[in-house]
Protein chains: 2
Amino acid sequence: MPLTTIPNELPAVHTDVVIFTVQEARLDVLLTQRRHQPFAGHWSLPGGFVRIEESLEQAARRVLAEQTGTRQLYLEQLYTFGAPRRDLRARIISVAYFALASADKVGNTSHDNAWVAWHPAFDPPLLAFDHGEIVAYAIERLRYKLEYTAAAFQLLPEQFTLRELQNAYEVILRESLDKRNFRRKILSTQILEATDDYRYGDHRPARLYRFSHEAKFEGQARRLFP
Amino acid sequence: MPLTTIPNELPAVHTDVVIFTVQEARLDVLLTQRRHQPFAGHWSLPGGFVRIEESLEQAARRVLAEQTGTRQLYLEQLYTFGAPRRDLRARIISVAYFALASADKVGNTSHDNAWVAWHPAFDPPLLAFDHGEIVAYAIERLRYKLEYTAAAFQLLPEQFTLRELQNAYEVILRESLDKRNFRRKILSTQILEATDDYRYGDHRPARLYRFSHEAKFEGQARRLFP
DNA sequence: ACAAAAGTGTTTACTATACACCCATGG
DNA sequence: CCATGGGTGTATAGTAAACACTTTTGT
């Protein structure tokens, strides 16, 4: 890896962020509408170029803060997309990130800025560039993630009912789950702690839970093989 | 993502490949010795800059072919490392790849080229740049991979005995497995097919198996949660 | 004949799944 | 007092884990 071999022509490095939330029994993804060609008017992922002095994750967090006003959400690197012709104007490599947010943290961006809005993740509008592929891959990652960790609480507000958490799972996994088994299983992991508060509605109030920061979930997962 | 905002200063995009094999009851990683400063004499991962017209995976495969003479091995993207100071001379972002090879495919590289050799993956020499971190992350990925898929045969020759496969699992997971349970479990997945050949040695010959290309293993994994 | 590795089944413990009723509240 | 969602336990089935002996070959 001698430095002398740095190529003359360099690709640009971009980051795009797939932000999910769950609201009203739907998995949503946050999109921005493009103002310029190509794909003017099309929806696309929030993104921006990585600056020369910032890390990849810093770039993703900066983009999120600038374009959607969100901070302090769950963020992990998703995949790096680098097909030579994914952007026809120039060679642009995109380090995609994957974010989970509670709807209340980002819920008002479409009021502040008409160019940013939530869209149904399973049925998004036609997206610019290869962003459709990126969203599809992010959904796949999200579903895997829920199947071997208890990450769904990242999509909910600070406090939530077990029914809200179960709804998030059902919406993302697209199947209905047994209420008793779900509650037993999620409580047995000890990643949640009960609060003294209740959510009041039309019927019997539901106890609110929160994520327990002490508890470590990683490693509790039993292996599948061999 | 208007094109006009492409920054003046661009990072260089590199790829580094972590190639694993199992031989003589040891997990090995393929390293190249650096000839130039910085880290002259240190070992490092095979790598190279991504060319402007090639995809990321093409770049990784090219690097593998050029530096290690290997083709047609299992390759997947691992992670993109982009800390601003990971290379002190310039901003270099590395898209790391993860490869599995049978020792016989790559076994003679250290003869052809004194600058390339296998090293113990769990106890590698001091590595240049952040390559120690990259190897550690690749090991983690490898172990997860073996725990929920049956990928270990990618580390073995075309045909192999069940004992050799079990050894690969034991070496990577660092625990001993029950022979009967292992055989039952791996055969029940139907990813292997028995051949009519045997491996002859000092004792009773062992039947040789091969990976069954028809069989799809993905999706057979039972979920852990919820 | 014996040393060494290959190969094979069964029993037991545990985990996942299926399933139905009572409880608390608002209207 | 009734409609609605919240909250709880048990029995059964299926999967994982523990465990020991026979077979085959080379020396």
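We use all heavy atoms of the structure for the numbers below, so side chains are in, but hydrogens, waters and symmetry mates are not. Just so we're on the same page: letters track the sequence lines, and every chain starts at 1. These numbers come from a predicted model, not from an experiment.
Of the candidate nucleotides D:dT25, C:dT17, C:dG9, C:dT17 has the atom nearest to the side chain of A:Asn181. Ranking C:dA5, C:dT25, D:dC19 by closeness to the B:Arg204 side chain, first place goes to C:dA5.
A close approach under 4.0 Å does occur between a side-chain nitrogen or oxygen of B:Lys185 and OP1 or OP2 of D:dA16.
Across all strands, B:Arg163 comes closer than 4.0 Å only to sugar-phosphate atoms, never to a base (heavy-atom distances).
In this structure, B:Asn167 atom CG and C:dA6 atom C1' are separated by 13 Å, rounded to whole Å. Following rounding to the nearest Å, B:Lys179 (NZ) and D:dT22 (P) show an atom-to-atom distance of 14 Å. Summarising the geometry, the separation between CG on B:Leu187 and P on C:dG9 is reported as 12 Å, rounded to the nearest angstrom. Per the geometry, CD belonging to B:Gln166 stands 12 Å off C1' belonging to C:dA5, to the nearest Å. Atom CD of B:Glu175 is separated from atom P of D:dA18 by 10 Å (rounded to the nearest Å). Taking atom OH of residue B:Tyr198 and atom C1' of nucleotide C:dA6, one finds them 11 Å apart after rounding to whole Å. Between B:Arg180 atom CZ and D:dC21 atom C1' the separation is 9 Å, expressed in whole Å. One atom, CD of A:Glu164, and another, P of D:dG6, lie 9 Å apart when rounded to the nearest Å.
Taking the ring centre of A:Trp115 as origin, the terminal cationic atom of A:Arg35 falls inside the region bounded by 6.0 Å and 45° from the ring axis. Judged by the 6.0 Å distance and 45° axis criteria, A:Arg210 is not positioned over the aromatic ring of A:Phe160.
Of the N and O atoms on the side chains of B:Thr21 and B:Asp28, not one donor lies less than 3.5 Å from an acceptor on the other residue.
Atom NZ of B:Lys145 sits about 15.5 Å away from atom CD1 of B:Ile139, to the nearest 0.5 Å. Note that OG of A:Ser44 is 11.5 Å distant from CG of A:Leu126, once rounded to the nearest 0.5 Å.
Checked by distance alone, B:Arg183 brings no side-chain donor or acceptor within 3.5 Å of a matching partner on the base of C:dA6.
Position along DNA chain C of the nearest nucleotide to A:Arg184 versus A:Asp202 favours A:Arg184 as the more 5'-ward residue. Judged by closest nucleotide on DNA chain C, B:His203 is the one of B:Arg207 and B:His203 placed further toward the 5' end.
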